[in-house]
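Everything on this sheet refers to the single structure shown next.
A, B, ... follow the sequence lines: proteins, then strands. Residue 1 opens every chain. From a predicted model like this one, the values you see are computed outputs, not experimental measurements.
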Amino acid sequence: MAIDNRTLADQIERIYRERYPAFCRLATAVTGDVETAHDAVQGGFARALARSGDFRGDGSLEGWLWRIVLRKALDLRRRDVPAPLPADAAEETPLWWRPELPHPELDPELDAALRALPTRQRRIVFLRYFADMTHGEIAEVSEIAPGTVSATLTQAKAALARRLTQAKVADKEVHR
Amino acid sequence: MSNSLDTMLSERFSGQCEAPPGADLADVRRRARHLVVLTQARRLRQPGVRRLPLRGSLLVAAVAVLAGGGTAAAFAVRALTETPASALNGPAHGRDATPADALDLAQAVERWGVELPGSGPGEPLTDRSATLLSDVGSQHDTVSAFPTSHGAVCFEIRAAGTCNTLDGSPGITWAILSALGSTRVYGVAADGVARVQVNVGGLLHEATLRNNGYFYELEKGMRLRDVRGITATWKDGSTREVTMPPGGP
């Protein structure tokens, strides 16, 4: 599909203006701090503008941008922290990443519940609730089917509900 | 249950979110320009991308791209074919003098468009190529140029050259070629430019300016790193400068 470069650049800039906070949240989930995340978003959008001809038009422009920013965030994180791959990394796409809460000390229950999830479930939970992405956006950025996103999210939420409820009950028993 | 779980998770995650630094679209555009220039330089550095009669000129061409790329991002976003250099807006003329070198650069530009679509200066319009200056300097050089479909101009001496836009400040493109024992500063000037001077070691030297092309050969003993800048004086008397990075281009 032929796309005029000027139109494409305008669309990329419009998405940046409208969705900058959401892209920052996604990048923060990867990098762990907002400054590096901001750098990833800036660098990702710059790359998209400079290489807009790479966009083939066979998916949404926003999905393409999500993937570019995610890759940039991963690059920045790898540069700082060469983390070893976990055992379940093989199931992941090239955009593999294992998100961490930026401030686990603020919500240790949630942190523990998230850590108990398989990496794929944890990543999709982050994309949904931390980055505030829709199921369709998650499917695009993760390069998986929307149905898989829904199913994975349902499983993850059930597991989180169990753990967070258990934590709440345990907390009440301690304080009784 | 599901809705309340959604709400609860959203609230707990939002407690993790710090306010990010403010959006800065100007910074994104600056970075994009830088990436375009680096990409351009990388393409020119790769062996085989261009068939150069003077191998030594390749690096110089890449340096020139880096230094002259302030407006290079416009390659990706403009769709003009007229340039502010009238010598390049008519039918081709003077091609007999340098067809091989100009076409060699045109082939490199075409390949650039194919391999990195959207990032290059556009399609070369060789039917509007022009010999801007001929038999200049001690090596009897010829400066030739052609416009592109995105309104950029590509120019060369001995196939060492680059592409850039002329609109906006300072109204000149530039490149520096060191080969055959001489260093030449050359480029294309917009119609509104009346005079081009090259700052070498702190002194301004008059460049030959004719037919939208300009050329200056450094005196013996002066080197590439002695070039500190280029000053374009416009017909309205205003001057605009291209400043070389500290340490030379």
Side-chain angles (χ1 to χ4, degrees), chain A residues 3-10 12-13 16-21 23-25 27-29 33-35 37-39 41-56 101-104 106-107 109-111 113-114 125-126 128-132 154 156-158 160-161 164-165, chain B residues 1-43 69 72-80 112-123 148-152:
Chain A
I3 300 170
D4 177 64
N5 278 334
R6 177 67 261 175
T7 306
L8 202 53
D10 285 343
I12 291 169
E13 292 189 358
Y16 175 86
R17 282 191 292 266
E18 293 175 358
R19 301 280 281 153
Y20 168 79
F23 278 91
C24 264
R25 280 199 297 274
T28 304
D33 72 275
V34 290
E35 293 294 336
H38 170 75
D39 198 30
V41 175
Q42 298 298 100
F45 272 87
R47 186 198 172 283
L49 279 179
R51 304 281 297 274
S52 58
D54 289 357
F55 176 63
R56 298 194 185 95
L101 286 178
H103 301 289
L106 297 178
D107 197 340
E109 287 173 8
L110 180 61
D111 185 51
L114 288 167
V125 166
F126 264 79
R128 174 68 191 89
Y129 296 105
F130 191 90
D132 199 23
T154 300
K157 283 162 64 178
L160 285 174
L164 292 172
T165 305
Chain B
M1 167 64 187
S2 183
N3 281 345
S4 62
L5 181 61
D6 277 337
T7 305
M8 183 268 285
L9 287 172
S10 294
E11 286 174 354
R12 292 178 82 155
F13 272 99
S14 69
Q16 295 283 322
C17 297
E18 294 174 59
D24 187 351
L25 188 55
D27 175 56
V28 172
R29 289 172 177 158
R30 266 195 306 277
R31 292 179 187 222
R33 280 197 293 273
H34 186 62
L35 285 174
V36 168
V37 171
L38 287 180
T39 302
Q40 184 182 11
R42 273 198 295 272
R43 301 311 309 164
F75 291 161
V77 296
R78 293 177 72 252
L80 301 173
W112 181 359
V114 169
E115 294 175 8
L116 294 169
S119 69
E123 289 294 311
T148 75
S149 57
H150 288 183

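- Residue A:R128: no heavy atom, backbone or side chain, is found under 4.5 Å from chain B.
- If you take OH on A:Y20 and CG on B:L25, they are separated by 11.5 Å, rounding to the nearest 0.5 Å.
- Of the two parts of A:R25, only the side chain, counted from C-beta on, holds a non-hydrogen atom closer than 4.5 Å to a non-hydrogen atom of chain B.
- Contact between A:H38 and B:G22 at its shortest, heavy atoms only, is CE1-O, 3.4 Å.
- A donor-acceptor pair is defined here as one N or O able to donate and one able to accept, closer than 3.5 Å; such a pair exists between the side chain of A:Y16 and the backbone of B:D24.
- Here the CZ atom belonging to B:R12 is positioned 5.5 Å from the CG atom belonging to A:L110, to the nearest 0.5 angstrom.
- Atom CG of A:L160 is separated from atom CE of B:M8 by 7.5 Å, given to the nearest 0.5 angstrom.
- A:A161 and B:L5 make their closest contact through CB-CD2, 4.0 Å (heavy atoms, listed as atom of the first residue, atom of the second, distance).
- Relative ring orientation between A:F126 and B:F13 is described as perpendicular, the plane-to-plane angle rising above 60° on a 0-90° scale split at 30° and 60°.
- Residue A:L49 comes nearest to B:A32 through the heavy atom pair CB-CB, 3.8 Å, listed as atom of the first residue, atom of the second, then distance.
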